[in-house]
Student: 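Sharing a structure with you now.
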Amino acid sequence: MKTIKPVKLTRETPIDELKGLKTKTKIFVKRDDLNGLLISGNKARKLEYLIADAKKNKCDTIVTCGAVQSNHCRTAAVFAKHFGFECHLFLRVHGSPRKVYSGNLLIDELLGANVKYLTPTQYERRTEVMERYAQKLRKKGKTPYVIPEGGSNEIGALGYLDCMKEMAEIIKQQQIDAVYCAVGSGGTYSGLLLGKKLLDLRIALNGVIVCDTVEHFRERIYGICVRAISRFKFPKEISPNDIYLIDGYVGKGYGIPYPEELKTIRHIAKLGIILDPVYTGKAFHGMLNEIKKHKHKNVIFVHTGGIFSIFAYQREITKAILRQ
Ligand SMILES: Cc1ncc(COP(=O)(O)O)c(C=O)c1O
């Protein structure tokens, strides 16, 4: 069982009990939102492995993609700067690109990433677009490393296998019965599931989807896990039935917040934790409903970050503040 030695840019993150919520369930929060400033959130754990692989392959340029407020692309831009890679980002944008940069995009641009915009239709063919672009870079003498959306492949997932290892002790000590996380491209959940399997942890691992469908993610996560098991020779098998995904909290679609979610964001912020409207807000809101149904005693919510996107949702969040 030999994986990849990651580059290191993150700090170990605390697991704090969230006090002040009137729930029967004790909620702990794995604070991956605190793993660094500009690299805050789940993408850093994945990029520590992906950048290590890029270095191993002697690449000098990162090519990746995401939504216009992609946390992954912002984190990739920071890693690229830190480790001396050129950075090219393909960002999906509805309508014409904003004239004033905000949130994650402001950071991408400040860091000097080479940003290109794709329409939603063009974005559907992102893998092809990036591969063609990488070919052009190769002709110019560059050695590109193409990272899929969200850094979600068998290499990126290793970062969340590490996260599960970091949680294993408290899972046993506190008799945690469930771990919750947001699912946006599936890499985080895949890594956590591999960790659960390898460490034989008896927990329900619940992924709250924030876009697409449960079927779409089951297939994607299963694929990532199978490739990881085969490539890194993990002594475990995986079945699609091991994947537990929760629907019902997407709202009208990816990146569209809704009033109940915004109310939860406001409520949790009063306890000192900022959730984002795209991922963790929906996932946390979903978890609060689900723990009532399942009567979990002790749970961990993996806070996967996303702080910068709140600045791209000023209008919606301001309304939620004024409503209370
Ligand atoms: C803040 C945040 N949380 C959760 C997720 C979901 O993680 P994954 O893409 O690994 O499913 C993402 C990215 O998609 C994210 O940016």
Student: Between Y254 and Y279, do the side chains contain a donor N or O and an acceptor N or O under 3.5 Å apart?
Tutor: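 Short answer, yes.
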Student: Quick one: does any side-chain atom of T10 pair with a main-chain N or O of N35 as donor and acceptor, under 3.5 Å?
Tutor: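 No; zero donor-acceptor contacts below 3.5 Å.
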Student: Taking atom CD of E169 as the centre, report whether more than 12 heavy atoms of other residues, nucleotides or ligands fall under 6.0 Å from it.
Tutor: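 12 or below, so no.
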Student: Is it possible for you to say whether L106 and Y313 belong to one hydrophobic cluster, with membership spreading through side-chain heavy-atom contacts below 4.5 Å?
Tutor: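 As far as the 4.5 Å side-chain criterion goes, Y313 and L106 are not connected within one cluster.
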Student: Name the residue from E260, K282, E290 that meets the side-chain hydrogen bond (donor to acceptor under 3.5 Å, both in side chains) definition with Y249.
Tutor: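 Of all the options given, the one that passes is E290.
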Student: Take atom NZ in K8; do more than 12 heavy atoms of anything else shown fall under 6.0 Å from it?
Tutor: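 Yes, NZ of K8 has more than 12 neighbouring heavy atoms, counting only those of other groups under 6.0 Å.
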Student: Under 6.0 Å between ring centres, would you say that holds for F284 and F301?
Tutor: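 Centroid distance F284-F301: below 6.0 Å, so yes.
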Student: Which distance, rounded to the nearest 0.5 Å, do you find between the CD1 of I243 and the OH of Y222?
Tutor: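 The OH atom of Y222 is 8.0 Å from CD1 of I243, to the nearest 0.5 Å.
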Student: Got S152 and S190 here, is their nearest side-chain heavy-atom distance under 4.5 Å?
Tutor: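 S152 vs S190: side chains apart.
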Student: Just so I know, are the side chains of I39 and L47 near enough to count as touching, which here means a heavy-atom distance under 4.5 Å?
Tutor: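 Result no, sub-4.5 Å side-chain heavy-atom pair not found.
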Student: I'd like to know if the side chain of Q69 and the backbone of S102 have a donor-acceptor N/O pair within less than 3.5 Å.
Tutor: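 Judged by distance alone, yes, a pair lies under 3.5 Å.
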Student: I would like to know whether E86 and K81 meet salt bridge (Lys or Arg N to Asp or Glu O under 4.0 Å); could you show each step before the answer?
Tutor: CA-CA 7 Å; E86 245 183 49; K81 188 83 358 199; over 6 Å; no
Student: D32 and T304: side-chain hydrogen bond (donor to acceptor under 3.5 Å, both in side chains), yes or no, with the steps?
Tutor: CA-CA 5 Å; D32 271 12; T304 42; over 6 Å; no
Student: Test of understanding: clusters of I, L, V, M, F, W, Y form through side-chain heavy atoms closer than 4.5 Å, transitively. Do V210 and L91 belong to the same one?
Tutor: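 Cluster IDs for V210 and L91 differ.
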Student: Under 6.0 Å from the CZ atom of R323, do we count more than 12 heavy atoms belonging to anything else shown?
Tutor: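 Atom CZ in R323 is packed in, count exceeds 12.
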Student: Give a yes or no on whether a salt bridge exists between D242 and K197, defined as a side-chain N under 4.0 angstrom from a carboxylate O.
Tutor: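 Yes.
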Student: Any heavy-atom pair between the side chains of P14 and E166 that's under 4.5 Å?
Tutor: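 E166 does not reach P14 side chain to side chain.
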Student: May I have the step-by-step check of side-chain hydrogen bond (donor to acceptor under 3.5 Å, both in side chains) for Y244 and N206, ending in yes or no?
Tutor: CA-CA 5 Å; Y244 193 75; N206 298 331; 5.8 Å; no
Student: Relative to Y117, does R92 satisfy both conditions: NZ or CZ under 6.0 angstrom from the six-membered ring centre, and within 45 degrees of the ring's axis?
Tutor: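 No, R92 does not lie over the aromatic ring of Y117.
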Student: Say whether H88 and T61, considering side chains only, have a donor N or O and an acceptor N or O under 3.5 Å apart.
Tutor: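 Looking only at side-chain atoms, T61 and H88 do not form any donor-acceptor pair under 3.5 Å.
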Student: Between D162 and K46, is the closest basic N to carboxylate O distance under 4.0 Å?
Tutor: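 Looking at D162 together with K46, the answer is no, because their closest N to O distance does not fall below 4.0 Å.
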Student: Is there a side-chain contact between K58 and T143, using heavy atoms and a 4.5 Å cut-off?
Tutor: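 A side-chain contact is absent here, since even the closest heavy-atom pair is not under 4.5 Å.
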Student: With side chains defined as the heavy atoms from C-beta onward, is the minimum distance between V93 and L118 less than 4.5 Å?
Tutor: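 A side-chain contact is absent here, since even the closest heavy-atom pair is not under 4.5 Å.
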Student: My understanding is that only one of L199, I224, I229, L158 makes a side-chain contact (heavy atoms from CB on, under 4.5 Å) with L194; could you say which?
Tutor: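 In the set L199, I224, I229, L158, the residue that makes a side-chain contact (heavy atoms from CB on, under 4.5 Å) with L194 is I229.
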Student: Less than 4.0 Å between a side-chain N and a carboxylate O, is that true for E149 and R220?
Tutor: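 Salt bridge present between R220 and E149.
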Student: Taking atom NZ of K263 as the centre, report whether more than 12 heavy atoms of other residues, nucleotides or ligands fall under 6.0 Å from it.
Tutor: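 Atom NZ in K263 is not crowded, with 12 or fewer foreign heavy atoms closer than 6.0 Å.
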Student: Examine the side chains of N71 and N104 and answer whether a donor and an acceptor come within less than 3.5 Å of each other.
Tutor: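 Yes.
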Student: Could you see if L262 belongs to whatever hydrophobic cluster contains F311? Use Ile, Leu, Val, Met, Phe, Trp, Tyr and a side-chain cutoff under 4.5 Å.
Tutor: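 Linked, L262 and F311 end up in one cluster.
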Student: In terms of hydrophobic clusters joined by side-chain contacts under 4.5 Å, are I176 and I246 together?
Tutor: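 Cluster IDs for I176 and I246 match.
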Student: Would the number of heavy atoms belonging to other residues, nucleotides or ligands and lying under 6.0 Å from CD of E109 be above 12?
Tutor: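 Result for CD/E109: enclosed.
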Student: Would you kindly confirm whether I147 and F79 end up in one hydrophobic cluster when ILVMFWY residues are joined by side chain heavy atoms under 4.5 Å apart?
Tutor: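 Same cluster: I147 reaches F79 through Ile, Leu, Val, Met, Phe, Trp or Tyr contacts under 4.5 Å.
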Student: Assert yes or no for the condition that the ring centre distance of Y133 to F90 is strictly below 6.0 Å.
Tutor: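 Between Y133 and F90, the centre distance is under 6.0 Å.
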